[in-house]
Amino acid sequence: MKKKLAVTVSALTAAALLVSACSGSKTDDKSDKGAAGLVGADQVSEAGVFPITKDKITMKVMIKGSSIVENFATNEFTKWLEEKTNIHLEWEVAPEKSFQEKLNVALASGDYPDLLINMSVSPVQQSIYGKDGVFIPLNPYIEKYGVETKKMWDAVSYAKDLMTMPDGKIYSLPQINQCYHCSYGQKMFINKTWLDKLGLPIPQTTDEFYTVLKAFKEKDPNGNGKADEIPLVGAIGSPSTTIVQTQIDPFIMSAFVEKDFTYKLVKDGKIQVAYNQPEWKDGLKYLNKLYKEGLIAPQSFTQDKNQLQQMGMNPDAEIIGAVPAQNQGNFITIDSPRFKDYVTVPPLKGPTGLRSAPFQPYYILQGQFVVTNKAKNPAAAFRLGDLLMSEEAVLRSTIGRPGQEWDKAAQGELGLDGKQAKWKQLTTFGKLQNVHWAQAGPSVRTNEFRLSQYADPKNPLESVLYNETKKNYEPYQLDPNKVVPPLFFTDEQSEELATIEKGLADYRNEFFAKAVTGSLDIDKEWNNYLANLDKMNIKKYLEIQQQAYDSWKKNSKK
């Protein structure tokens, strides 16, 4: 493993919502033997032995809220976790829409809890607050107690590298989710029932997409005699630096300019951003045309995914024609009869012939479990996080209880990969429930385990997503060499990026919304937009990215 010189920043963003969990197996037999004696000053049981502490202790947790988790305190998985570990958790639930702001205020004020779970603590934050002593280095605890962490390092070759900060220390546990369909997460779903009724094929170009949306608006495809159809609608997310797959721009703008999941691209060895390219302007004008003709719902620039799903599940009639989404669960409930009405649109061919599916080869969400200096027993805190990455805990935290929400696959039941399945899901993911944590926090779901899920025809979401991705997106995959890889930044660079990045993202989103909705004249304001990006230090931002990329290239050749 090469020595770290800088902060790891994953190309994945927090905005990526995932759908299901990997398979699992029974925990190590010795985990049920009970605490066989506490280890030294750490006052925890031996590695792999449970409960973690002899006497019950309490830890305070801050976690990002979830629209599909009823109550973390009374959750069935929480009960299982507390019983197994002897650690009682006191919860502070951060608002789902503004969790990043909540985290920033807590860290700045010093009023933070023992643990941060599912708060997507960035590598930059890890480096800064780790250096200041706010976050506890996990290295000695991983060495002594990291049963599941070490398993994860063996299974996922890049994980240890991406967890390690410039000072050689590890301040958080990640979420590993090698999700095939998520790696092509910038999809567009369209109402196939409406297309069939109007005698229209699935659009293949931007011009054909415009024609279809216009027909959706004007020809009453839902047949209720009302002009209530919404041809195209999306939703936004938080924080502003996160690219949410329900936003209007990720899918459509890929017909005009090549980009990866983070609006960046490596071209001829140089890192560039997509949103200051001339082709981005062309994409804005195309979207403005759609908006002016009433083909894009105005709510797309203000509503969240919960509101989007309310539109998708409109009780009076089906009203959505097309929607950008990673999966159908972003805009309808999976067990709704409407599920079968929507299919994917392959990447659209743009006016220059570009046809590209952004691709994400790096499967890691960082900062999912952080121990702060408020924790009185950091060894116990780490062991709790380590347990969350076990196969049993992953299945329980993402799906539910064995025999109730999931079970072992029977002989002859085939997985998504066509081989003997290892596990099967018995319930539908995405509804409000109080059984699991809805994929919050650290976990390890390898590609092997995800594809070993039973391809259940009665619960077809994963099968549909796998097949649609294989058919419509993999053939147009962005060259992996053009994807900006996880990069390493010095502390000084990290602090600069922390201030520049958010400003750029906020301004990009603001200009995008105004340009598409016609609040400004794109041609007249374009040069001013570029000048403002320069004033906001985009050149310095790219310079820092380039330095880190050049270092990555040099090290990768060793």
Side-chain angles (χ1 to χ4, degrees), residues 2 6-18 120 122-124 156-159 161-163 174-187 241-245 247 249-277 279-280 283 324 326 346-348 350 354-366 447 469-470 472-489 497 501 504-505 508 538 541-557:
K2 60 179 179 292
V7 176
T8 304
V9 176
S10 172
L12 274 179
T13 62
L17 292 177
L18 307 177
S120 298
S122 72
V124 172
V156 183
S157 60
Y158 52 80
D161 210 29
L162 298 186
M163 292 166 62
Q175 182 181 110
I176 303 290
N177 191 355
Q178 295 180 323
C179 169
Y180 170 70
H181 71 81
C182 306
S183 64
Y184 302 87
Q186 296 182 355
K187 297 179 172 69
T241 51
T242 298
I243 297 174
V244 180
Q245 314 303 4
Q247 289 175 215
D249 52 316
F251 174 85
I252 292 179
M253 295 302 268
S254 292
F256 294 88
V257 57
E258 277 191 311
K259 58 181 177 57
D260 65 13
F261 269 33
T262 61
Y263 292 120
K264 295 194 288 286
L265 189 80
V266 178
K267 186 175 182 180
D268 299 325
K270 301 296 181 182
I271 291 182
Q272 63 181 36
V273 294
Y275 52 88
N276 67 355
Q277 304 299 315
E279 296 85 359
W280 187 264
Q326 185 202 69
L348 298 173
L354 175 64
R355 198 170 196 183
S356 174
F359 174 63
Q360 178 50 263
Y362 305 106
Y363 305 87
I364 185 168
L365 293 177
Q366 299 188 36
N447 191 57
T469 302
K470 197 77 175 174
N472 280 340
Y473 295 95
E474 187 178 292
Y476 304 103
Q477 173 189 293
L478 176 69
D479 182 352
N481 292 318
K482 294 183 177 181
V483 177
V484 177
L487 298 175
F488 311 115
F489 301 98
L497 286 175
E501 222 165 10
L504 289 174
R508 179 195 70 228
I538 192 171
Y541 171 77
L542 291 173
E543 178 186 320
I544 294 172
Q545 295 279 337
Q546 189 65 46
Q547 289 171 352
Y549 177 71
D550 290 342
S551 177
W552 175 85
K553 279 201 305 183
K554 182 178 179 181
N555 290 332
S556 66
K557 292 178 181 178

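Values below: every heavy atom of this structure, side chains too, minus hydrogens, waters and symmetry copies.
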**Message:** Walk me through whether Lys187 and Thr469 qualify under side-chain contact (heavy atoms from CB on, under 4.5 Å).
**Reply:** CA-CA 9 Å; Lys187 297 179 172 69; Thr469 302; 3.1 Å; yes

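- Looking only at side-chain heavy atoms (C-beta outward), Val124 and Phe489 stay at 4.5 Å or farther from each other.
- Contact record, Leu487 with Val484: CD1-CG1, 3.8 Å, taken as the closest heavy-atom pair.
- The side-chain heavy atoms of Tyr263 and Leu504, taken from C-beta on, include no pair separated by under 4.5 Å.
- Between the side chain of Gln546 and the main chain of Gly269, a donor-acceptor pair closer than 3.5 Å is present.
- For Asn447 against Gln178, the heavy-atom pair with the smallest separation is N-OE1, 2.8 Å.
- Inter-residue side-chain proximity for Ser254 and Lys259 is flagged as met; some heavy-atom pair is nearer than 4.5 Å.
- Residues that satisfy the side-chain contact (heavy atoms from CB on, under 4.5 Å) test with Pro347, not counting sequence neighbours, are Arg355, Ala357, Tyr473, Tyr476.
- Within the structure, the salt bridge (Lys or Arg N to Asp or Glu O under 4.0 Å) test picks out the following pairs touching residues 472-483 (sequence neighbours left out): Glu258-Lys482, Lys470-Glu474.
- Paired with Gln545 under the rule side chain to side chain contact (heavy atoms under 4.5 Å, CB included), one option of Val273, Ile271, Val266 passes, and it is Ile271.
- Atoms OH and NZ, from Tyr275 and Lys264 in turn, are 8.0 Å apart once rounded to the nearest 0.5 Å.
- Every side-chain contact (heavy atoms from CB on, under 4.5 Å) that Pro361 has, sequence neighbours left out, goes to Phe359, Val483.
- Residues Gly185 and Phe261 share a closest heavy-atom pair of N-CZ, 3.3 Å.
- Separating the CD atom in Gln186 from the CG atom in Asp260 is a distance of 8.5 Å, to the nearest 0.5 Å.
- The CD atom of Gln360 sits 10.5 Å away from atom CG of Leu478, with the distance rounded to the nearest 0.5 Å.
- We find the CE-CD1 distance between Met163 and Ile176 to be 8.0 Å, quoted to the nearest 0.5 Å.
- Judged as a ring-ring contact (aromatic ring centres under 6.0 Å, His included), and not counting sequence neighbours, the contacts of Tyr549 are Trp552.
- For Phe256, the ring-ring contact (aromatic ring centres under 6.0 Å, His included) criterion is met by Tyr286, not counting sequence neighbours.
- With contacts defined as side-chain heavy-atom distances shorter than 4.5 Å, the pair Cys182/Gln326 qualifies.
- Judged as a salt bridge (Lys or Arg N to Asp or Glu O under 4.0 Å), not a single pair has a partner in residues 266-277 (not counting sequence neighbours).
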